[in-house]
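Small disclaimer: the values here were computed from a predicted structure and weren't measured. Counting begins at 1 with the first residue of the sequence. The figures here come from the full heavy-atom set of this structure, side chains too, leaving out hydrogens, waters and symmetry mates.
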Amino acid sequence: MSRSMSGLLDEVGSRKDEVETSLQKLRDLALGEGEGREADAEADKEEALGAVLEGLEAATLRSSTCQRRFLQLDGPQLLLTGMAAHLENMKIQLISCRILQHLASLVSLDAAEVLADFGACEAIQKALEAHPNVAALHQAALQALELLAFTGTEARLKALRCGCPEVVVASLKRFRTDAHVQQACLAALQALLEDSAVGTSTDSEEESNCQEIVAKLGGIAAIVGALADHREDAQLQYWGQVVLSALCHDNVKLRAEAQQKCHWQRIEVDFDI
């Protein structure tokens, strides 16, 4: 075996060991053992947890090997249990959402479905509600939600049922001046509205319900507002128009409302995209 190949295998093994070590630390903290037992205050325990999560975030960002190992072990359960136990800790929620984002991109292992089964969509919804004013968290959480909903049919349905459309529209309204959050909102909405169903009547009902929820919450006005506020942002313009088209699909009433609001803002939209 060549030295270069040997070095590569050593690196892969090292990455796996890194994930396994970090997950063991998460288990210890969850059980109040190891580092967690030495912490006399909850703040110390959360600081230790945050440090472990930062290492996992860096590992899963750069390596599909680490992503696979994380999913093959009890990583999803440990991560989401930690999010639920430390809902008020913004840093833990932020790093956890970034990890979810890295993992959800691993389509070959049905990562979106695995994560959704452990409650990823619910965790994102709760994180957004618990921290309504933190733009960085909203961007990370919405990007994770987009990947979950886009790559997993069941994950998408779980997101629709646990209130994700509501929190996405709320974010769209709250962060009007932040183009990055606006783009994340629009991409997440598009994934939620996307008809990825196999043709069952239940899926069609969920799709229709998502349209109605977004519209009733003022989603059309919020989307048109984003287009008006960021006229020079080509990517945002693209997502806004795609989402409007999906939102008004096969709904004459919503399409008329969207066309009227676009007309008032002097925005031209192709609703047949």
- Message: Checking Gln183 against Asp233: is there a side-chain donor and acceptor pair closer than 3.5 Å?
- Response: yes
- Is there a donor-acceptor pair under 3.5 Å between the side chain of Gln182 and the backbone N or O of Phe175? yes
- What heavy-atom pair brings Gly75 and Leu23 nearest, and what distance separates the two atoms? CA-CD2, 3.7 Å
- Query: Is Glu54 salt-bridged to Lys91, cutoff N-O under 4.0 Å?
  - Reply: yes
- Note on the structure: Minimal heavy-atom distance between Leu115 and Leu103, with the atoms involved, is CD1-CB, 3.9 Å
- Does the pair Asp17/Arg69 count as a salt bridge with the N-to-O cut at 4.0 Å? no
- Item | Minimum heavy-atom distance Glu57-Thr60, with the two atoms named | O-OG1, 3.3 Å
- CD/Glu47: more than 12 non-hydrogen atoms of other groups inside 6.0 Å: no
- Task: Determine whether Thr65 and Val19 make a side-chain contact, defined as any pair of heavy atoms from C-beta on separated by less than 4.5 Å.
- Result: no
- Query: How long is the gap from CG on Asn89 to CD on Glu46, to the nearest 0.5 Å?
  - Reply: 4.0 Å
- Message: Quick check against the 3.5 Å criterion: does Gln237 have a side-chain atom that pairs as donor or acceptor with the backbone of His230?
- Response: yes
- side-chain contact (heavy atoms from CB on, under 4.5 Å) assessment of Leu148 paired with Arg156: CA-CA 7 Å; Leu148 288 169; Arg156 173 178 168 273; over 6 Å; no
- Do Gln101 and Arg98 have side-chain N/O donor and acceptor atoms under 3.5 Å apart? no
- Shortest non-hydrogen pair, Gly240 vs Leu227, comes out as CA-CD2, 3.9 Å
- Query: Can you tell me how far the CZ atom of Arg68 sits from the OG atom of Ser63, to the nearest 0.5 Å?
  - Reply: 10.0 Å
- SB check Lys253 Glu257 (cutoff 4.0 Å): no
- Task: Identify whether Val214 and Leu142 are in the same connected component of the hydrophobic contact network (ILVMFWY, side-chain heavy atoms under 4.5 Å).
- Result: yes
- Item | Interatomic spacing from CE in Met83 to CD in Glu122 - rounded to 0.5 Å | 11.0 Å
- Looking only at non-hydrogen atoms, find the nearest pair between Ala59 and Cys66 and report the distance. O-CB, 3.5 Å
- Message: Strictly distance-based, threshold 3.5 Å: is any side-chain N or O of Thr21 a donor or acceptor partner for the main-chain N or O of Glu18?
- Response: no
- Hey, any chance Leu100 and Leu160 share a hydrophobic cluster, counting ILVMFWY side chains that come within less than 4.5 Å of each other, even indirectly? yes
- Query: Are the side chain of Arg174 and the backbone N or O of Pro132 linked by a donor-acceptor pair below 3.5 Å?
  - Reply: yes
- Item | Under 3.5 Å: donor-acceptor pair, side chain of Gln211, backbone of Leu247 | yes
- Intermediate values then yes/no, side-chain contact (heavy atoms from CB on, under 4.5 Å), Thr81 and Phe118: CA-CA 9 Å; Thr81 298; Phe118 281 106; over 6 Å; no
- Item | Nearest heavy atoms of Ala188 and Glu146, plus distance in Å | CA-CB, 4.0 Å
- Query: Are the side chains of Ile267 and Arg231 in touch, meaning some heavy atoms are under 4.5 Å apart?
  - Reply: yes
- Query: When rounded to the nearest 0.5 angstrom, what is the spacing between CZ in Phe271 and CG in Leu254?
  - Reply: 10.5 Å
- Query: Knowing that exactly one of Val269, Ile223, Leu186, Leu236 qualifies, which makes a side chain to side chain contact (heavy atoms under 4.5 Å, CB included) with Gln241?
  - Reply: Val269
- Item | Backbone N/O of Val181 and side chain of Asp178: donor-acceptor pair under 3.5 Å | yes
- Same cluster or not: are Leu61 and Leu109 linked, directly or through other Ile, Leu, Val, Met, Phe, Trp or Tyr residues, by side-chain heavy atoms under 4.5 angstrom apart? no
- Starting at CD1 of Ile92, measure out to CG of Leu79 and round the result to the nearest 0.5 Å. 10.5 Å
- Look only at the side chain of Glu113 and the backbone of Ala155, and say whether a donor-acceptor pair between them is shorter than 3.5 Å. yes
- Message: As a quick check of understanding, evaluate side-chain contact (heavy atoms from CB on, under 4.5 Å) for Val134 and Gln93, giving each step before the final call.
- Response: CA-CA 11 Å; Val134 184; Gln93 299 301 311; over 6 Å; no
- Report, as yes or no, whether the 6.0 Å neighbourhood of atom CD on Gln77 holds more than 12 heavy atoms from other residues, nucleotides or ligands. no
- Message: According to a hydrophobic-cluster definition based on side-chain heavy atoms being under 4.5 Å apart (Ile, Leu, Val, Met, Phe, Trp, Tyr only), do Val169 and Leu137 belong together?
- Response: no
- Hphob cluster co-occupancy, Ile213 + Leu189, side-chain heavy atoms under 4.5 angstrom: yes
- Heavy-atom check, side chain of Ser245 versus side chain of Asp272, under 4.5 Å: no
- Task: Drop me the distance from Ser22's OG to Phe70's CZ, to the nearest 0.5 angstrom.
- Result: 9.5 Å
- Message: If you count every heavy atom of other residues, nucleotides or ligands that lies below 6.0 Å from Lys126 atom NZ, does the total exceed 12?
- Response: no
- Distance-only, no hydrogens or angles: does the Lys45 side chain make a donor-acceptor pair with backbone N or O of Leu29 under 3.5 Å? yes
- Task: Could you tell me whether Asp117 and Lys158 have a side-chain N and a carboxylate O separated by less than 4.0 Å?
- Result: yes
- Item | N/O donor-acceptor pair under 3.5 Å between Gln190 side chain and Ala246 backbone | no
- Message: Between Lys173 and Leu217 (side chain of the first, backbone of the second, donor and acceptor by atom type, cut-off under 3.5 Å), is there such a pair?
- Response: yes
- Does the pair Leu56 and Ile95 meet the rule for a side-chain contact (heavy atoms from CB on, under 4.5 Å), with working shown? CA-CA 9 Å; Leu56 282 170; Ile95 302 171; over 6 Å; no
- Determine whether the side chains of His180 and Gln139 contain a donor N or O and an acceptor N or O closer than 3.5 Å. no
